[in-house]
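Beneath this line is the structure, given in structure tokens, with notes to follow.
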Protein chains: 2
Amino acid sequence: MMRWWGWGEDGHDEPLPPGAQALLRAEVGELGPRRDHVALDDVALPEARLPAELRERLVAIVGAEHLRDDRITRVRHAAGRGYADLVRLRAGTLAGAPDAVAFPASAEQVAALLRACSEARVAVVPFGGGTSVVGGVEPLRGDCAAVLTLSLARLDKLVAVDAASLTATFEAGMLGPALEDALREHGLTLGHFPQSFEHSTVGGWVATRSAGQASTGYGRIDALVVGLRAVTPSGEIATRTLPASAAGPSLRELLVGSEGALGVIVEVTLRVRPRPAVRRYEAFSLPSFEAGADAFRALVQAGAAPDVSRLSDEQETRVSLALAGGDTLQAKALRGYLSARGHARPCLSICGWEGASEHDVRARRTAAVRVLRAHGAVALGTGIGGAWEHGRYHAPYLRDELLAHGVLVETLETAATWSGLGALYDAVGAAIDGALRERGTAPVVWCHVSHLYRAGASLYFTFAARQQEGAELEQWHAAKAAANDAIVAHGGTLSHHHAIGRDHAAWLPGEVGPLGVALLRAAKATLDPVGVMNPGKLLDPAPLPGAPAA
Amino acid sequence: MMRWWGWGEDGHDEPLPPGAQALLRAEVGELGPRRDHVALDDVALPEARLPAELRERLVAIVGAEHLRDDRITRVRHAAGRGYADLVRLRAGTLAGAPDAVAFPASAEQVAALLRACSEARVAVVPFGGGTSVVGGVEPLRGDCAAVLTLSLARLDKLVAVDAASLTATFEAGMLGPALEDALREHGLTLGHFPQSFEHSTVGGWVATRSAGQASTGYGRIDALVVGLRAVTPSGEIATRTLPASAAGPSLRELLVGSEGALGVIVEVTLRVRPRPAVRRYEAFSLPSFEAGADAFRALVQAGAAPDVSRLSDEQETRVSLALAGGDTLQAKALRGYLSARGHARPCLSICGWEGASEHDVRARRTAAVRVLRAHGAVALGTGIGGAWEHGRYHAPYLRDELLAHGVLVETLETAATWSGLGALYDAVGAAIDGALRERGTAPVVWCHVSHLYRAGASLYFTFAARQQEGAELEQWHAAKAAANDAIVAHGGTLSHHHAIGRDHAAWLPGEVGPLGVALLRAAKATLDPVGVMNPGKLLDPAPLPGAPAA
């Protein structure tokens with residue numbers, strides 16, 4: 001399990017590189033002294049309030065050793081890993097904690113837990129890897145008497161592989177590395193590598209419509225689901241494993257992305273692929289973000305997109321080069337070289353190809369490079385590409401380090417059609433900048449495109465600013481609310497790969513309209529009539545951390 | 001509009017080729033004498049019962065000339081184009097007819113019509129091209145006082161083209177040819193060519209999750225929808241035009257395939273593609289259906305499937321060759337050639353490639369032919385392929401001719417994973433054969449695979465038998481019910497491209513389970529609280545034509 005106060009495990013932290021420190025000093029001001037998180041014993045933990053009768057019933061279902069309410073277990077399940085979560089974890093000022101955590105071992109146990117909690121009117125928060133960055137696992141109780149977090153950790157097995165149909169069935173709680181290890185034995189891969197890969201679960205991916213770093217090639221998780229099984233307070237619902245169907249509305253697509261608010265996804269059947277024999281990651285420089293986006297659009301619409309297709313804007317490129325050691329001679333030489341090639345403000349692109357053979361990868365790379373060059377790309381070779389691949393899961397550790405230095409750092413993402421992408425990019429960037437500047441903490445905002453579709457692409461923003469001491473959450477809320485407003489106003493989606501959770505729920509009506517919300521409420525009333533499933537998320541907005549009093 | 005008693009327009013009918021007559025005689029027995037349909041004036045038409053007050057209100061909405069209840073208009077909207085529809089149309093024994101047909105010109109008029117009908121408790125049957133073969137446009141009134149058919153015929157415009165995002169927005173009532181004509185001016189194509197193409201509408205395709213003959217290449221219609229707008233009795237619901245989203249459950253996927261039971265889809269935004277410059281259609285023979293299916297699986301899993309990928313079983317191949325003139329010297333020579341190559345019972349495959357250039361098509365063809373040859377395929381050249389392409393929309397005319405000769409001919413389709421396909425093929429074929437044999441009308445049953453996915457494929461069955469005179473509908477019902485039972489029992493889907501409609505509605509709980517049906521009911525109660533939208537379809541089973549009395 002992850003360390004209770006931050007991302008991942010110990011031993012992955014590194015001090016901020018001097019180049020990054022310099023850049024931050026220049027952009028957001030002097031960094032504070034390094035401050036550690038509080039000790040576990042100093043975390044303020046509300047008293048556990050699970051009704052005794054229910055507790056007995058739950059113990060009868062999962063066994064005493066699998067119903068936990070000790071301090072470390074409750075703290076570990078008290079928050080996701082968004083910025084607001086980390087601020088509160090580090091300060092030991094949790095908004096709440098589950099009254100207990102249950103670890104069922106089967107779908108039947110999940111069903112019994114949901115029945116018991118429905119009858120006792122106790123909220124249930126499904127919990128996979130706990131990596132949500134949108135408040136998706138926050139132990140809110142809504143109108144309920146108490147809150148139980150339901151961990152899927154023991155539902156962690158590969159159920160079946162259908163080699164002929166290239167599908168595999170997984171229990172929901174399998175973590176990314178275990179899933180890929182199990183598939184490797186069959187010569188297969190799912191190809192789903194979100195930044196959280198090492199600590200997130202396949203059930204969580206499906207429940208949040210996750211996208212991974214190679215999803216341009218392998219497909220988003222929702223495009224990989226061919227069947228699933230969910231347990232709800234009203235009973236079990238399973239969709240047939242089918243390649244396609246015209247049998248009415250898609251119930252599968254109502255459960256994919258249901259974020260624990262309709263029930264618990266306990267099993268999923270996903271498309272898998274033969275494991276690639278050859279992988280090549282390579283960097284390019286594009287003369288501008290706009291030129292790069294045009295190149296990416298041409299690539300994907302020609303069917304020539306690399307499996308990993310990433311394009312940083314000018315600012316993210318500066319940050320990346322700074323993190324990679326921006327003041328070294330080598331970095332200076334690179335900047336000089338690119339400047340001489342007309343890339344005064346270069347935009348870094350990472351392209352990755354995975355394939356069955358050198359021939360296959362070479363052919364696809366050749367087709368892609370032709371398009372990139374036509375848009376002014378300069379090839380930078382496999383060094384930077386390999387370094388990106390090597391560090392692909394590292395950014396959240398860096399976030400912990402920045403928080404220790406009093407830096408607000410947050411990410412958010414959206415998507416739009418190609419024709420709407422430029423305006424959305426401008427609007428969201430300006431909204432974040434404006435909201436933080438107004439508070440006297442002008443930020444640095446950067447962005448990349450990481451998922452390509454024929455009709456459009458995703459935008460992934462990161463921003464950093466000096467923390468507003470004593471008002472860290474209010475500061476965060478101002479930026480987040482401004483970004484959400486801009487996304488809704490400019491035709492984007494509130495999330496392309498992190499889900500709605502708590503942090504976008506109040507804006508969902510802006511995206512799907514009142515009748516859309518009514519439809520979701522009707523689905524919830526059918527599957528969760530008492531309303532115990534994951535309160536305060538998705539279609540049931542709860543106040544955000546740092547929100548001004550109403 | 002189509003001729004009232006059968007498919008399409010006059011002037012496309014041809015007498016049954018002698019080879020086909022001989023094959024039918026051998027397989028199902030002597031054909032009856034040719035019998036024509038009754039005259040329009042002899043069609044028994046129930047009295048129009050639209051309440052006078054509602055009639056006035058509807059006239060105020062659409063104008064008197066766009067609210068019709070004359071004989072020909074009511075007959076034209078009294079049935080789809082399934083076998084049971086045609087039997088009743090030809091005999092002049094309609095089960096019912098709409099009390100009136102409204103032709104709104106805008107989404108606002110649609111909204112006003114739905115409000116008026118909800119208030120008056122009058123059923124509304126949305127009607128695109130009227131080509132449903134599953135009873136989807138049957139003017140059933142359910143619990144309502146009367147039934148209004150709502151034709152989308154005047155919502156027939158291309159609304160917008162987004163050339164950068166390769167999307168186009170259409171009003172729902174655009175017919176296939178008009179849609180492709182409009183896109184041609186922009187150098188684009190949708191690439192959606194169901195057999196009903198000439199007479200079906202884009203809104204109908206989306207409402208029924210249609211698949212077209214080239215959908216292996218271009219994608220099913222549900223894979224092409226990026227946004228839509230529906231009008232329901234509870235108001236309008238629109239989904240944002242987005243390439244992808246993680247913003248909760250997909251409401252778009254709840255409206256796609258909603259078959260008029262939740263509301264009226266009035267506008268859709270679809271992915272389009274540059275129009276192909278080069279098209280090549282070619283035939284192959286495979287040594288068996290099983291070998292062919294293996295070849296197709298290998299093709300699609302290698303990313304090498306042709307855009308059109310069709311594989312007939314042994315029986316369909318015999319029928320196709322008979323229709324093409326099975327007793328000619330040329331046909332005999334072909335059979336001899338294939339027999340000498342070890343294809344004693346050949347299976348015909350049609351492969352079609354569409355691309356930007358000769359080079360592109362050649363490269364894809366080369367990759368595919370390599371796989372096909374490895375599975376024992378013999379190339380038959382472009383003659384048969386071209387003939388298939390030329391006649392791709394002709395089969396429904398042939399059905400009219402067979403009906404005139406007293407032949408029951410019906411189609412149905414399903415899909416499954418590759419590992420489940422063989423058992424499903426056997427079970428459905430045996431079910432149809434058994435049900436008709438039991439009635440003393442042993443059928444000939446044939447099948448093809450026409451849509452390939454990495455995880456599985458579709459199966460499209462056709463069967464023919466002597467009509468059981470005086471019990472034509474009972475005979476049909478027996479075969480249809482047996483096939484539906486077999487599909488549900490063997491893990492298939494009730495439809496891969498014709499939808500649920502009236503004919504599969506009673507079996508839907510078998511596919512989606514009781515909680516699945518409850519979810520659909522909850523959606524319907526939200527969008528259509530009075531329950532006026534398309535009664536007797538999708539989630540509201542009505543008795544099928546020919547069903548035994550309960």
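Lettering follows sequence order; numbering is per chain, from 1. Quantities reported herein were computed from a predicted structural model and do not represent experimental measurements.
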Subject >> Heavy-atom contact with chain A under 4.5 Å, split by part of B:Asp294 >> reply: neither
Original post:
Is there a donor-acceptor pair closer than 3.5 Å between any side-chain N or O of B:Thr239 and the backbone N or O of B:Leu228?
Top reply: yes
Original post:
Tell me, side chain or backbone of B:His496 under 4.5 Å from chain A's heavy atoms, or both, or neither?
Top reply: both
Subject >> Which portion of B:Glu236 sits near chain A, non-hydrogen atoms under 4.5 angstrom >> reply: backbone
Original post:
What part of A:Thr232 lies closer than 4.5 angstrom to a heavy atom of chain B: side chain, backbone, both or neither?
Top reply: side chain
Subject >> Single hit among B:His192, B:His498, B:His497 for ring pair (Phe, Tyr, Trp, His ring centres under 6.0 Å) with B:Trp205 >> reply: B:His192
Original post:
Any idea which of B:Ala499, B:Ser245, B:Ala244 has the most non-hydrogen atom pairs under 4.5 angstrom with chain A?
Top reply: B:Ser245
Subject >> Region of B:Ser234 that comes under 4.5 Å of a non-hydrogen atom in chain A >> reply: both
Original post:
Looking at A:Gln301, A:Glu259, A:Arg252, which makes the most heavy-atom pairs under 4.5 Å with chain B?
Top reply: A:Gln301
Original post:
When heavy-atom pairs shorter than 4.5 Å are enumerated against chain B, which of A:Thr208, A:Leu452, A:Leu520, A:Val488 gives the highest number?
Top reply: A:Val488
Original post:
Can you tell which of A:Ala522, A:Ser495, A:Gly513 has the highest number of heavy-atom pairs within less than 4.5 Å of chain B?
Top reply: A:Ser495
Original post:
For B:Leu224, is it the side chain, the backbone, both, or neither that has a heavy atom closer than 4.5 Å to a heavy atom of chain A?
Top reply: neither
**OP:** Select one option (side chain, backbone, both, neither) describing which atoms of B:Arg273 are under 4.5 Å from chain A's heavy atoms.
**Re:** side chain
Original post:
Between B:Gly456, B:Ala247, B:Pro514, B:Gly501, which residue shows the highest count of heavy-atom pairs closer than 4.5 Å to chain A?
Top reply: B:Ala247
Original post:
So, A:Glu354 and A:Arg364, do they make that salt bridge, N to O below 4.0 Å?
Top reply: no
Subject >> Selection from B:Arg220, B:Lys537, B:Glu413 maximising heavy-atom pairs under 4.5 Å formed with chain A >> reply: B:Arg220
**OP:** With a 4.5 angstrom heavy-atom cut-off, could you sort out which part of B:Leu538 is near chain A: side chain, backbone, both or neither?
**Re:** side chain
Subject >> Side chain A:Glu511, main chain A:Leu494, donor-acceptor under 3.5 Å >> reply: yes
Original post:
Counting N and O atoms only, with roles assigned by atom type, does the side chain of B:Asp528 sit under 3.5 Å from a partner on the main chain of B:Met533, one being a donor and the other an acceptor?
Top reply: yes
Subject >> Interface moiety of B:Leu527 toward chain A, non-hydrogen atoms closer than 4.5 Å >> reply: side chain
Subject >> N-O pairing of A:Arg209 and A:Glu253 below 4.0 Å >> reply: yes
Subject >> Test item: A:Leu459 and A:Val449 side chains (from C-beta on) under 4.5 Å apart, heavy atoms >> reply: yes
**OP:** Examine distances only and state if a side-chain atom of A:Trp418 and a backbone atom of B:Ala163 form a donor-acceptor pair shorter than 3.5 Å.
**Re:** no
**OP:** May I ask you to decide if A:Thr167's main-chain N or O and A:Ser165's side chain share a donor-acceptor pair within less than 3.5 Å?
**Re:** no
Subject >> Residues B:Leu270, B:Val206; criterion side chain to side chain contact (heavy atoms under 4.5 Å, CB included); working and verdict >> reply: CA-CA 10 Å; B:Leu270 303 176; B:Val206 172; 4.3 Å; yes
Original post:
With a 4.5 angstrom heavy-atom cut-off, which part of B:Val300 approaches chain A: side chain, backbone, both or neither?
Top reply: neither
**OP:** Tell me, for B:Thr414 versus chain A, whether the close heavy atoms (under 4.5 Å) come from the side chain, the backbone, both or neither.
**Re:** neither
**OP:** Sort out for me which of A:Ala356, A:Ala207, A:Gly420, A:Gly492 touches chain B most, counting heavy-atom pairs under 4.5 Å.
**Re:** A:Gly492
Original post:
Do B:Ser210 and B:Ser200 have side-chain heavy atoms sitting under 4.5 Å apart?
Top reply: no
Original post:
With chain A, which of B:Ala457, B:Ala223, B:Ser250 has the greatest number of heavy-atom pairs at distances under 4.5 Å?
Top reply: B:Ser250
**OP:** Give, as side chain, backbone, both or neither, the part of A:Leu166 having an atom under 4.5 angstrom from any heavy atom of chain B.
**Re:** both
Original post:
Which pair of non-hydrogen atoms, one from A:Pro276 and one from A:Thr189, has the smallest distance, and what is that distance?
Top reply: CD-CG2, 3.8 Å
Subject >> Exam field: side chain A:Thr417 to backbone A:Ala455, donor-acceptor pair closer than 3.5 Å >> reply: no
Original post:
chain A heavy atoms under 4.5 Å from B:Arg297: which part of the residue, side chain, backbone, both or neither?
Top reply: side chain
Original post:
Heavy-atom distance under 4.5 Å between the side chains of B:Leu190 and B:Ile221, does that happen here?
Top reply: yes
Subject >> Contacting region of B:Leu251 [heavy-atom separation from chain A under 4.5 Å] >> reply: side chain
Original post:
Checking B:His451 against chain A: side chain, backbone, both or neither under 4.5 Å from a heavy atom?
Top reply: neither
Original post:
Based on non-hydrogen pairs under 4.5 Å, which of A:Gly257, A:Pro249, A:Ala164 is most in contact with chain B?
Top reply: A:Pro249
**OP:** Check each atom of B:Ala416 against the heavy atoms of chain A and say whether the ones under 4.5 Å are side chain, backbone, both or neither.
**Re:** backbone
